There are 2 protein chains.
Amino acid sequence: MKLAEAKAQFIQTWGSLATQWGINKTMAQIHALLLITPNPLSQDDLMEELSISRGNANMNIRELIDWGLVDRVIIPGERKEFFLAEKDIWKVARQIVKERKKRELEPLNKVLEQLQDVEGDKRNAEVKAFTETIGNIRKFTGQADKSLDTLIRADENWFWGSLIKMIK
Amino acid sequence: MKLAEAKAQFIQTWGSLATQWGINKTMAQIHALLLITPNPLSQDDLMEELSISRGNANMNIRELIDWGLVDRVIIPGERKEFFLAEKDIWKVARQIVKERKKRELEPLNKVLEQLQDVEGDKRNAEVKAFTETIGNIRKFTGQADKSLDTLIRADENWFWGSLIKMIK
DNA sequence: CGATAGTTTCAATAACTATTGAAAGCTTAG
DNA sequence: CTAAGCTTTCAATAGTTATTGAAACTATCG
């Protein structure tokens, strides 16, 4: 397979995978392109390679920076801004976990906490089923919360190493 | 908080969380309602409680069954079909991981494998960066694949227990 | 075998989300 | 200061995905 073809396929695969995870396709494609490009790219480079508009490029670059996956780079002598992605996939994964945890798991935990105490007779089957389910979900999300914190702080070798040892 | 209100909030929270993960809102809401309901519900019950159409209900119930999260239940003397959700959240989570792994991670691994060998000079910076990134992603997804398999097979206490011991 | 209760399908439509592109806003160099 | 180069915003529009509802289908009962 030729490089250009392989690049295109990677960008497109990454983009469609992202949509299945509630992530904007363009955002994933920009990220994919930056991941496989050794040097920083300008907004115009991204627009051209991916055939996207200025506004779209701008918005999604900003989002990627906000997620901590891409950095702005200044190249001396150039007026334009350039962009560079973190290449260490383990760091990328941890960063994504960290952000999604903050944006989703933590708010969910707050809601569940409020739902834990409903008024009503505890002997009523409906009330009982509700509080029980919410309680179990809370237990689960609470454990997930702690474990993800550890994972976020973890060093690659330590984490996979321990997990693999634990598995055997 | 009153039960009815709490139920409604849980259903709506679960539904909007789902959309952030590429899961259909109605599917998540039906699942949420079945999770907090002790007895099996009919399609008509679901349609009424969630104010959704027959077609929508039918389609998403089928999808939930397909994901292994909901079971069809026959109640003697009743002509209708009833539906019941698995209440053990740990089992639910494992089932979701199992399905997403099968539907997404495994196909991704196949694509990455093909992308691994591109033609061209290995000393070329572009070729080098590409093969290196793809290689790293493969290493990562390969490890994730194995670890998820273990997690899927794992028993709750064993898994969290070991993870917590490992963390400390 | 109808008649009836229940289920499934699917084309039309609605709702939602992403994308464009032109205009406004900055920033820097001269 | 102001013109040129570059970035950001946002209302309009396109594209995508979800939902409806009526018709077709299937199973069950007397």
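The model shown is predicted, which means the values in this text are computed figures rather than measured ones. Here is the naming used below: chain letters follow the sequence lines, and residue numbers restart at 1 for every chain.
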Between A:Glu63 and A:Met59, does a side chain to side chain contact (heavy atoms under 4.5 Å, CB included) hold up when you go through it step by step?
CA-CA 6 Å; A:Glu63 190 79 359; A:Met59 194 173 241; over 6 Å; no

Between B:Ile23 and A:Glu78, which has a closest nucleotide on DNA chain D that is more 5'?
A:Glu78

Validation: residues 26-36 of chain B side-chain donor-acceptor distances under 3.5 Å, sequence neighbours left out:
{"residue": "B:Thr26", "atom": "OG1", "partner": "B:Asn56", "partner atom": "ND2", "Å": "3.3"}

Taking five pairs at each terminus, the helix from C:dC1-D:dG30 to C:dG30-D:dC1 shows an axis bend, to 10°, of 10°

Enter the distance from B:Lys101:NZ to B:Asp149:CG here, rounded to the nearest 0.5 Å.
4.0 Å

Starting from P on C:dT7, measure out to CD on B:Glu81 and report it in whole angstrom.
5 Å

May I have the step-by-step check of side chain to side chain contact (heavy atoms under 4.5 Å, CB included) for B:Arg72 and B:Phe82, ending in yes or no?
CA-CA 6 Å; B:Arg72 248 177 246 277; B:Phe82 287 77; over 6 Å; no

Using whole Å, what does the distance between atom P of nucleotide C:dA15 and atom CD1 of B:Ile52 come to?
16 Å

Hey, is B:Glu113 close enough to B:Lys110 for a salt bridge, meaning N to O under 4.0 Å?
no

For the residue pair B:Trp21 and A:Trp21, does the interplanar ring angle fall in the parallel (under 30°), tilted (30 to 60°) or perpendicular (over 60°) class?
perpendicular

Separation of C:dC16 atom C1' from B:Gln20 atom CD, nearest Å, is 14 Å

With rounding to the nearest 0.5 angstrom, report the CZ to CG distance, A:Arg94 to A:Leu151.
8.0 Å

Using whole Å, what does the distance between atom C1' of nucleotide C:dT19 and atom CE of A:Met27 come to?
16 Å

In the 5' to 3' direction, the nucleotides of DNA chain D bounding the stretch that comes under 4.0 Å of a heavy atom in chain B are D:dA18 to D:dT28

In this structure, CG of A:Leu64 is separated from CG of A:Asn24 (nearest 0.5 Å) by 9.0 Å

Sub-4.0 Å heavy-atom contacts from residues 38-51 of chain B onto DNA chain C, ordered by number:
B:Gln43

Take A:Arg123 and A:Lys128 through the test side chain to side chain contact (heavy atoms under 4.5 Å, CB included) and record every step on the way to the result.
CA-CA 7 Å; A:Arg123 282 157 304 180; A:Lys128 196 161 166 262; over 6 Å; no

Take atom CD1 of B:Ile75 and atom P of C:dG6, then tell me their distance rounded to the nearest Å.
13 Å

Give a yes/no on whether any side-chain N or O of B:Thr19 is located under 4.0 angstrom from OP1 or OP2 of C:dC16.
no

Rounded distance (Å) that lies between atom C1' of C:dT19 and atom CG of A:Asn24:
9 Å

Can you measure from CD (A:Gln9) to CD (B:Gln114) and round to the nearest 0.5 angstrom?
6.0 Å

What residues in residues 53-72 of chain B put a non-hydrogen atom under 4.0 Å from any atom of DNA chain C?
B:Arg54, B:Gly55, B:Asn58, B:Arg62

Interatomic spacing from CD in B:Glu5 to CZ in B:Phe10 - rounded to 0.5 Å:
15.0 Å

Salt bridge check, B:Lys7 against A:Glu126: does any charged N sit closer than 4.0 Å to a carboxylate O?
yes

Does anything in residues 36-50 of chain A pair up under side chain to side chain donor-acceptor pair (under 3.5 Å), and if so which pairs, sequence neighbours excluded?
A:Ser42-A:Asp45, A:Gln43-A:Asn58, A:Asp44-A:Arg54

